[in-house]
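Everything on this sheet refers to the single structure shown next.
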Amino acid sequence: MHSPKPQAAPGIPAVPLTIEGSSVLHQMLRFDWTAWRALEAGERNRITSDAERTLQQLERRREGGSALYSMLGHKGDLMLVHFRNSFDELKSAELQLSALGLWDFVAFDDSYLSVVELGLYDSSVKTYQSLAERGIAAHTPEWDAAIKEVLERQREAMRERLYPQIPDARYLCFYPMDRKRDEQKNFYTLPIEERQRQMHEHGMVGRRYAGEVKQIITGSIGFDDWEWGVDLFGDDPLVFKRLIYEMRFDQVSAVYALFGSFYVGLRVPAARIASVL
Amino acid sequence: MHSPKPQAAPGIPAVPLTIEGSSVLHQMLRFDWTAWRALEAGERNRITSDAERTLQQLERRREGGSALYSMLGHKGDLMLVHFRNSFDELKSAELQLSALGLWDFVAFDDSYLSVVELGLYDSSVKTYQSLAERGIAAHTPEWDAAIKEVLERQREAMRERLYPQIPDARYLCFYPMDRKRDEQKNFYTLPIEERQRQMHEHGMVGRRYAGEVKQIITGSIGFDDWEWGVDLFGDDPLVFKRLIYEMRFDQVSAVYALFGSFYVGLRVPAARIASVL
Amino acid sequence: MHSPKPQAAPGIPAVPLTIEGSSVLHQMLRFDWTAWRALEAGERNRITSDAERTLQQLERRREGGSALYSMLGHKGDLMLVHFRNSFDELKSAELQLSALGLWDFVAFDDSYLSVVELGLYDSSVKTYQSLAERGIAAHTPEWDAAIKEVLERQREAMRERLYPQIPDARYLCFYPMDRKRDEQKNFYTLPIEERQRQMHEHGMVGRRYAGEVKQIITGSIGFDDWEWGVDLFGDDPLVFKRLIYEMRFDQVSAVYALFGSFYVGLRVPAARIASVL
Amino acid sequence: MHSPKPQAAPGIPAVPLTIEGSSVLHQMLRFDWTAWRALEAGERNRITSDAERTLQQLERRREGGSALYSMLGHKGDLMLVHFRNSFDELKSAELQLSALGLWDFVAFDDSYLSVVELGLYDSSVKTYQSLAERGIAAHTPEWDAAIKEVLERQREAMRERLYPQIPDARYLCFYPMDRKRDEQKNFYTLPIEERQRQMHEHGMVGRRYAGEVKQIITGSIGFDDWEWGVDLFGDDPLVFKRLIYEMRFDQVSAVYALFGSFYVGLRVPAARIASVL
Amino acid sequence: MHSPKPQAAPGIPAVPLTIEGSSVLHQMLRFDWTAWRALEAGERNRITSDAERTLQQLERRREGGSALYSMLGHKGDLMLVHFRNSFDELKSAELQLSALGLWDFVAFDDSYLSVVELGLYDSSVKTYQSLAERGIAAHTPEWDAAIKEVLERQREAMRERLYPQIPDARYLCFYPMDRKRDEQKNFYTLPIEERQRQMHEHGMVGRRYAGEVKQIITGSIGFDDWEWGVDLFGDDPLVFKRLIYEMRFDQVSAVYALFGSFYVGLRVPAARIASVL
């Protein structure tokens with residue numbers, strides 16, 4: 001009746017090191033076309049110009065930025081993606097937009113709150129093993145200092161991936177996902193070395209698509225209802241399908257991945273917002 | 001506690017080859033009858049004529065096209081199905097329709113975004129085995145070239161099935177589906193040869209219904225919330241039930257199929273839209 | 001990792017023979033009382049009389065018919081049940097009703113689309129075994145002819161049960177259901193002889209309630225989101241509970257049944273519709 | 001692949017005897033505060049007085065009755081509980097209330113339809129065993145007569161518990177529940193003697209809280225979406241938590257119970273309805 | 001087919017002792033921006049000032065209090081958290097707020113009702129063992145008296161943790177959770193000593209974050225749809241993610257935790273409510 005304790009090499013923590021960057025908010029918006037078209041053309045133009053101006057400011061921010069997408073299907077008319085340096089800045093973006101006249105015609109169907117995350121499985125296993133070999137027990141001050149140093153080094157090295165600009169690609173595919181914790185197939189009770197192996201295999205597939213798709217992984221444990229959010233940026237949406245289908249046969253996806261809804265949008269530069277209103 | 005790695009003949013990839021064609025959007029619409037009937041008859045006629053004219057254009061496109069269905073039950077009043085050459089063209093169709101006066105009375109209850117897909121299980125296994133026998137490792141340039149050639153040859157041979165016209169049948173049945181990834185019954189960890197065998201058995205059933213039902217399979221991994229969408233076109237809806245019930249006893253359906261909602265509609269030629277408004 | 005193939009006597013198909021009759025639509029309606037009571041009494045009377053007249057026509061049809069129920073609880077105010085000879089006729093009923101003034105105050109909370117179905121498990125096993133003994137392989141022309149003859153004979157013999165009149169009973173209980181396809185308990189992979197045995201045992205319980213409850217089974221594979229819909233008609237609703245509770249201990253229900261929502265209504269003859277508005 | 005037949009002593013039916021009493025309807029209501037406050041004070045007073053008068057009549061019924069609760073949280077503003085002698089009387093209560101002016105400001109978020117039920121596990125096992133020992137087979141006329149006599153005797157003895165008055169307690173906790181029918185843990189395939197043992201153990205816990213909580217069990221198989229509804233009445237809501245938490249460790253709850261939403265309300269005598277509007 | 005009885009040392013009850021404190025209500029609110037902005041500025045100011053005044057009173061209560069948060073994402077615009085001495089006081093807070101003019105623009109998307117709870121696993125096991133060793137059987141008067149004394153002593157010692165002030169931290173993360181009762185992994189059938197061990201391990205992780213995050217656990221069995229609600233208060237939201245991610249590898253979380261939605265908000269002192277309206 002007892003569940004076996006997760007097993008790993010003694011002294012090796014189960015939790016992989018991760019580093020975090022930009023705070024990210026996805027907003028899926030439905031538009032009230034009936035009310036919008038009931039407005040006089042002049043009023044519509046004025047409201048559109050206001051929205052265009054504000055969105056251009058958000059789009060052109062030096063650090064982080066925002067991007068607008070026109071969505072396919074009924075899950076929303078528009079999607080806004082915001083990359084910022086903090087949740088406070090995300091809240092500012094939300095409030096700045098909610099002051100727009102255009103927001104009188106907008107309802108929120110969904111959203112996703114997360115932070116750019118790099119999971120350092122390779123580095124974690126190497127570091128944990130090395131510290132264990134040196135006889136340094138986990139969570140001792142010496143161990144904490146060594147870990148802190150690894151994290152700082154990685155944050156420095158990965159700075160650009162942690163605080164990315166939103167790619168200019170024509171298409172975006174966004175979806176949230178979990179790792180399963182089922183009765184027999186539980187990712188969180190696998191030894192860290194096994195998880196590292198599976199994540200590595202998974203990464204190898206992604207690498208073959210690197211030229212066609214730009215992928216940004218964000219972590220959302222404690223922030224939203226799934227554990228991770230995945231953004232794929234590319235000019236040919238078929239590549240999204242091929243990449244995700246191929247990955248579905250990886251062990252870590254085939255056995256341990258749970259997926260939420262998939263959202264697909266076409267990039268609309270703020271300067272062309274009138275074309276979708 | 002470790003999950004066994006998917007097993008297949010060594011050197012045989014797990015991912016079947018697939019080829020894709022038309023981009024497809026299903027839109028399920030609810031109609032606001034109360035507001036519609038509150039209009040004066042002349043206004044209703046004008047709006048209906050506008051909608052009829054636009055829908056006829058979409059219906060008569062040379063490549064791809066659109067079709068209107070009147071749905072049975074509460075899942076929607078109307079269903080529109082669009083076949084196009086790209087997601088950009090689907091977005092254009094959405095925007096063109098949203099400019100119609102009729103759209104002031106329309107709300108979207110559901111939709112489905114996918115692309116026509118042919119899964120080449122037989123061809124994949126044959127090709128993978130032949131390349132393995134010739135000692136050509138997966139994902140090497142030589143392997144990639146051989147695969148590319150197979151795909152191009154198949155795309156050419158299957159051109160008409162990849163870019164189909166919407167059949168004229170009186171009834172449509174649409175439903176999305178997944179293959180299960182449960183703890184013990186996981187389609188994605190079966191060896192490709194076993195999946196090929198099951199899909200072949202499944203196809204044999206479909207073939208017996210070929211004269212009565214036209215089936216179009218679309219893939220939606222990365223595009224929507226299920227892995228595939230299935231459209232059945234036929235003049236007698238009872239045949240949909242018999243076909244799907246018989247297939248439910250196939251191993252690949254009995255054990256591995258998960259189904260979403262089923263949508264049934266009667267074809268309404270654009271010229272007769274007034275009869276359902 | 002391979003799933004065992006469903007086992008049955010060799011040459012015995014897994015799919016039971018079924019015969020179908022009336023097309024059936026259940027509509028669950030919510031009524032906008034606030035808007036309704038805001039009307040002048042004269043207008044309400046006029047709209048009620050119109051609805052009464054139309055519903056009486058539908059109620060009195062020679063073949064099939066419609067019945068109105070006043071629902072208990074929040075799942076809807078009214079339920080309409082339509083029995084017709086085809087889906088086209090069901091669509092006509094929907095459109096005829098949607099032209100009523102009363103329909104301005106109606107919203108659809110749910111619906112169910114299905115056809116009267118008799119599953120011929122006993123006859124299937126006998127026929128399949130007899131054909132196998134005679135060495136006639138499944139799906140050969142000779143086999144097809146023999147099956148066709150059985151189906152036609154049964155359709156003739158069961159004509160009244162396939163095209164029933166809606167019983168006059170005061171209460172209706174409607175619910176949809178599935179047979180489970182779980183990892184270990186999968187109805188669709190049981191041998192047909194075992195399914196026959198379980199369905200027979202199940203039928204024996206129903207028979208003890210025959211005098212108090214009239215049951216109509218409809219099939220909805222390919223038409224709606226569950227596999228079957230069950231209508232129970234009776235004058236004492238307690239009998240619904242006793243029957244369904246007793247059946248829940250049958251093997252086919254205890255182990256293999258999945259139930260949707262239960263809807264309970266009191267019959268309202270069209271002539272008395274004013275009493276519930 | 002076959003599922004083992006439920007096992008019990010031979011000749012012992014699996015279904016426990018149950019007796020039923022009052023018909024019960026729970027209604028969870030959301031109130032439109034904005035529209036309500038837009039009324040003039042005089043109009044609000046008039047509508048409130050009407051509602052108070054009607055609710056007082058319902059509250060004071062000799063047999064059965066109704067009670068109003070002010071709910072905590074977003075699941076509703078008010079909850080009404082009706083105990084009646086039949087579903088017809090429940091429908092009358094619904095219609096009588098829907099004629100109130102106050103009902104223009106009310107929407108129904110949820111409801112529950114059930115009947116007071118006493119499950120006679122102890123008596124069932126004893127009776128079934130005694131009849132089996134006397135060689136009387138189940139469902140023979142002699143068996144039916146013996147069972148009928150047991151049921152009538154119990155109905156007489158339990159009359160007050162079958163047709164209870166709504167307790168005056170300040171707090172109500174209502175929740176629906178099921179017994180699990182999972183692949184390995186299936187309450188409905190346990191032998192009746194084992195179910196009796198578990199229910200007895202469960203009842204022993206309840207008994208220790210008898211002075212602080214009054215519990216009424218209603219059955220809803222065939223009437224609503226769960227198998228049972230549980231009402232707990234008490235003056236200290238903490239006792240609800242302690243009782244239910246302690247019971248969660250009972251075998252029948254720990255292993256076999258599935259719970260729906262929990263609703264908590266404070267009793268509002270009809271005469272004080274103005275205090276919550 | 002029988003489920004094994006939960007096993008523990010003989011005479012040791014399965015239920016851990018718990019003590020309860022403040023009654024807690026979380027309210028997630030959506031704001032109708034369109035209607036709000038349609039008001040004249042003077043009217044908006046008047047309504048805002050009224051709301052500010054009332055919220056300040058609630059915020060400054062000596063015992064318990066209320067706090068306002070501006071939420072990130074679409075799950076709500078605002079979240080209110082109320083700590084009180086009873087459910088009656090929570091109801092008063094609800095009614096006091098519903099009288100505000102601001103409440104005309106508010107709809108409730110979600111809520112959570114619970115009480116501050118401290119689970120005394122260590123103390124329970126020690127007490128139960130000691131009583132068992134002294135031969136005192138559970139639920140005897142002597143046993144009851146001993147338990148009562150332990151509970152009273154703990155309530156006294158933990159008084160401040162049972163009736164906490166809402167921390168001033170800039171960020172709040174709230175989520176509900178359950179312990180799993182699956183077929184093979186069932187927390188409620190583990191021996192209490194094993195649950196104690198797992199909870200202790202779990203607590204050790206929390207302790208390492210004590211300086212950065214203040215955690216308040218509330219119990220909601222019998223009150224709301226999950227078993228517990230967790231509030232994390234901190235100035236850096238990244239710490240929420242790190243803490244919860246690390247805990248997800250604990251046995252009690254990895255194997256036995258089920259999580260609901262996660263809600264994240266930024267504290268808005270009542271005096272600054274105008275900044276988010």
Side-chain angles (χ1 to χ4, degrees), chain A residues 1-6 8 13-16 18 20 23 25-29 32 35 86-88 90-91 94-95 98-101 103-115 117 119 139 144 178-179 181-184 186-190 192 219-227, chain E residues 4 6-7 30-31 33-35 37-38 70-75 77 170-171 173 175 180 182-187 189-191 194 198 201 204-205 208 232 236-251 253-266 275-276:
Chain A
M1 185 120 319
H2 293 231
S3 307
K5 264 202 72 158
V15 192
T18 61
E20 291 90 5
S23 297
L25 181 66
H26 289 73
Q27 297 183 293
M28 291 70 169
L29 317 175
D32 183 346
S86 68
F87 279 12
D88 277 73
L90 289 176
K91 187 72 219 173
E94 274 193 299
L95 288 172
S98 74
L100 286 176
W103 251 231
D104 282 355
F105 304 88
V106 150
F108 290 87
D109 272 6
D110 205 351
S111 67
Y112 208 77
L113 178 66
S114 52
V115 297
E117 174 186 305
H139 306 303
D144 286 349
D178 275 355
R179 293 285 166 219
R181 295 183 292 112
D182 284 350
E183 297 198 270
Q184 291 142 53
N186 187 327
F187 191 68
Y188 289 87
T189 59
L190 293 178
I192 191 169
S220 41
I221 287 181
F223 301 147
D224 219 316
D225 300 356
W226 296 79
E227 297 174 342
Chain E
Q7 290 172 9
R30 201 167 4 104
F31 200 71
W33 297 102
T34 306
R37 284 185 304 201
S70 175
M71 294 175 73
L72 281 151
H74 80 294
K75 289 174 194 159
D77 291 289
R170 178 146 181 76
Y171 281 93
C173 167
Y175 60 94
K180 283 192 195 168
D182 283 350
E183 297 198 90
Q184 291 142 51
K185 300 291 163 60
N186 186 328
F187 191 68
T189 59
L190 293 177
E194 172 60 17
Q198 293 187 17
E201 179 193 60
M204 286 298 101
V205 176
R208 287 209 308 277
L232 304 179
D236 179 358
L238 266 186
V239 182
F240 299 153
K241 175 174 177 285
R242 286 184 196 136
L243 166 59
I244 301 174
Y245 190 39
E246 180 162 352
M247 281 185 165
R248 195 144 303 178
F249 291 90
D250 286 344
Q251 191 174 5
S253 300
V255 177
Y256 297 108
L258 260 182
F259 300 101
S261 281
F262 285 78
Y263 297 94
V264 175
L266 288 80
S275 71
V276 293

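Residue numbers start from 1 in every chain, and the chains themselves are labelled A, B, ... in the order their sequence lines are given, proteins ahead of strands. Just so we're clear, the structure is a prediction, and the values are computed from it rather than from any experiment.
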Contacting region of E:Tyr245 [heavy-atom separation from chain A under 4.5 Å]:
both
Taking side chain as everything from C-beta outward and backbone as N, CA, C, O, which of these in A:His26 sits under 4.5 Å from a heavy atom of chain E? Side chain, backbone, both or neither.
neither
Pick one of side chain, backbone, both or neither for A:Glu183, based on which atoms fall under 4.5 Å of a heavy atom in chain E.
both
Need one label for E:Arg248: side chain, backbone, both or neither, based on atoms under 4.5 Å from any heavy atom in chain A.
both
E:Phe259 ring centre to A:Arg181 NZ or CZ under 6.0 Å, with the angle to the axis within 45°?
no
Side chain from CB out, backbone as N, CA, C, O: work out which of these in A:Thr18 comes under 4.5 Å of a heavy atom of chain E, or both, or neither.
side chain
Would you mind checking which part of A:Leu90 comes under 4.5 Å of any heavy atom in chain E, side chain (CB onward), backbone (N, CA, C, O), both or neither?
both
Can you check whether A:Asp224 reaches E:Lys75 side chain to side chain, under 4.5 Å on heavy atoms?
yes
For chain E, which candidate among A:Gly101, A:Ser98, A:Ala107, A:Ser220 shows the most heavy-atom pairs at distances under 4.5 Å?
A:Ser98
For the pair E:Asp182 (side chain) and E:Gln184 (backbone), establish whether a donor and an acceptor sit closer than 3.5 Å, ignoring hydrogens and angles.
no
Side chains of E:Leu232 and E:Ile244 in contact at under 4.5 Å (non-hydrogen atoms):
yes
Side-chain donor-acceptor pair under 3.5 Å between A:Asp88 and E:Tyr171, yes or no?
yes
Between E:Leu266 and E:Leu72 the two heavy atoms that sit nearest each other are CD1-CD1, 3.7 Å
By a 4.5 Å heavy-atom criterion (distance strictly below it), what part of E:Arg170 contacts chain A: side chain, backbone, both, or neither?
side chain
Among E:Cys173, E:Pro237, E:Ser275, who wins on heavy-atom pairs under 4.5 Å with chain A?
E:Pro237
Do you see a donor-acceptor pair shorter than 3.5 Å between the side chains of A:Lys91 and E:Ser70?
yes
Residue part contacting chain A, namely of E:Ala38, when any heavy atom lies under 4.5 Å
neither
Determine the minimum heavy-atom distance between A:Val115 and A:Phe87, stating which atoms define it.
CG1-CE1, 3.8 Å
Sort A:Trp226 into side chain, backbone, both or neither according to what part of it lies under 4.5 angstrom from a heavy atom of chain E.
neither
